[in-house]
Amino acid sequence: MFIRVLHWLLAGFFVVNYFILDPSSEPHQIIGYLAVSVVFIRLIYGLKTKGFAGFNHVDLSAKSFRAHTQHLLQGNLPINEGHNPFGWLMIFVIFALFTTLATSGFLLEETDRFFGSDLVESIHSLAGDALFVCVCLHILAVFVVGYRGKVALYSSMLTGYRKSNDSKE
């Protein structure tokens with residue numbers, strides 16, 4: 001439940017800051033700081049916990065990528081597993097982008113040296129757009145991987161439990 005709450009908070013913060021709030025507004029800054037705080041809480045939790053949310057489950061070896069790809073090709077994702085290696089990569093990229101956004105936003109608004117800097121503004125804007133692309137890829141992957149692997153990944157993001165999409169079960 002804790003991870004799902006953090007996930008949806010981060011998703012909500014992204015939507016509000018990317019699509020709704022004026023980038024130069026104080027609420028945009030506050031939401032940005034809240035978002036990076038969620039990222040840091042998640043990082044600490046990932047280092048401390050031993051379950052599927054723990055970073056001790058991260059396996060980015062070539063073998064794990066091949067195994068996941070093979071599961072997809074065969075249409076049989078394991079029901080009782082956490083993130084696949086592509087999912088873990090996306091998590092780390094998203095965390096890095098949120099951190100880049102917070103850092104560049106802080107530099108733009110809270111320091112004299114970088115206030116109004118075209119370079120830092122470009123970094124902030126590119127990181128936001130890259131995060132949008134990652135969010136779109138994440139959503140697409142949830143449905144494609146879920147469909148191809150016969151697992152209802154979208155429901156696990158709400159309930160915490162994976163269900164099979166296979167009509168035989």
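Residues E121 and L108 are in side-chain contact: their nearest non-hydrogen atoms beyond the backbone lie under 4.5 Å apart. Using a 4.5 Å heavy-atom threshold, the side chains of N17 and F13 count as separate.
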Determine, step by step, whether F92 and F55 satisfy the ring-ring contact (aromatic ring centres under 6.0 Å, His included) criterion, reporting the C-alpha distance in whole Å, the side-chain angles of both residues, the deciding distance to 0.1 Å, and the verdict.
CA-CA 11 Å; F92 294 134; F55 296 147; 5.5 Å; yes
Could you please spell out the steps behind the ring-ring contact (aromatic ring centres under 6.0 Å, His included) verdict for F86 and H68?
CA-CA 9 Å; F86 294 102; H68 176 68; 5.8 Å; yes
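The distance from atom CG of N84 to atom CH2 of W88, rounded to the nearest 0.5 Å, is 10.5 Å. Between atom CG of residue L21 and atom CD of residue Q29 there is a gap of 11.0 Å, rounded to the nearest 0.5 Å. Distance check: L34 CG to L9 CG gives 8.5 Å after rounding to the nearest 0.5 Å. Rounding to the nearest 0.5 Å places CG of L140 at 9.0 Å from SG of C136. Remark: Q70 CD to L77 CG distance equals 12.0 Å, nearest 0.5 Å. Annotation: the span from I31 atom CD1 to F14 atom CZ amounts to 13.5 Å, rounded to 0.5 Å.
The environment of CZ in F2 is crowded: more than 12 heavy-atom neighbours from other residues, nucleotides or ligands sit within 6.0 Å. At most 12 heavy atoms of other shown residues, nucleotides or ligands fall within 6.0 angstrom of atom CD in E26.
Here the closest heavy-atom approach between residue M90 and residue L137 is recorded as CE-CB, 3.9 Å.
The main-chain N or O of D59 is found under 3.5 Å from a side-chain atom of S64 such that the two form a donor-acceptor pair. A donor-acceptor contact shorter than 3.5 Å is absent between the side chain of R42 and the backbone of I3. In this structure, T49 contributes its side chain and Y45 its backbone to no donor-acceptor pair below 3.5 Å.
By the rule that hydrophobic residues join a cluster once side-chain heavy atoms approach within less than 4.5 Å of another member, I139 and F95 end up as members of one cluster. Cluster membership check: I44 does not share its hydrophobic cluster with I91, using side-chain heavy-atom separations under 4.5 Å among Ile, Leu, Val, Met, Phe, Trp and Tyr. No path of Ile, Leu, Val, Met, Phe, Trp and Tyr side chains, each step under 4.5 Å between heavy atoms, connects F106 with F40, placing them in separate hydrophobic clusters. Linking ILVMFWY side-chain heavy atoms closer than 4.5 Å, directly or via other members, places Y33 and I20 in two distinct hydrophobic clusters. Each of V36 and L107 belongs to its own hydrophobic cluster when Ile, Leu, Val, Met, Phe, Trp and Tyr are linked at side-chain heavy-atom distances under 4.5 angstrom.
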Check: residues 122-135 side-chain donor-acceptor pairs under 3.5 Å, at least two apart:
residue : atom : partner : partner atom : Å
S122    : OG   : D118    : O            : 2.9
H124    : ND1  : L101    : O            : 3.1
H124    : ND1  : S104    : OG           : 2.7
H124    : ND1  : G105    : N            : 3.4
D129    : OD1  : Y18     : OH           : 2.7

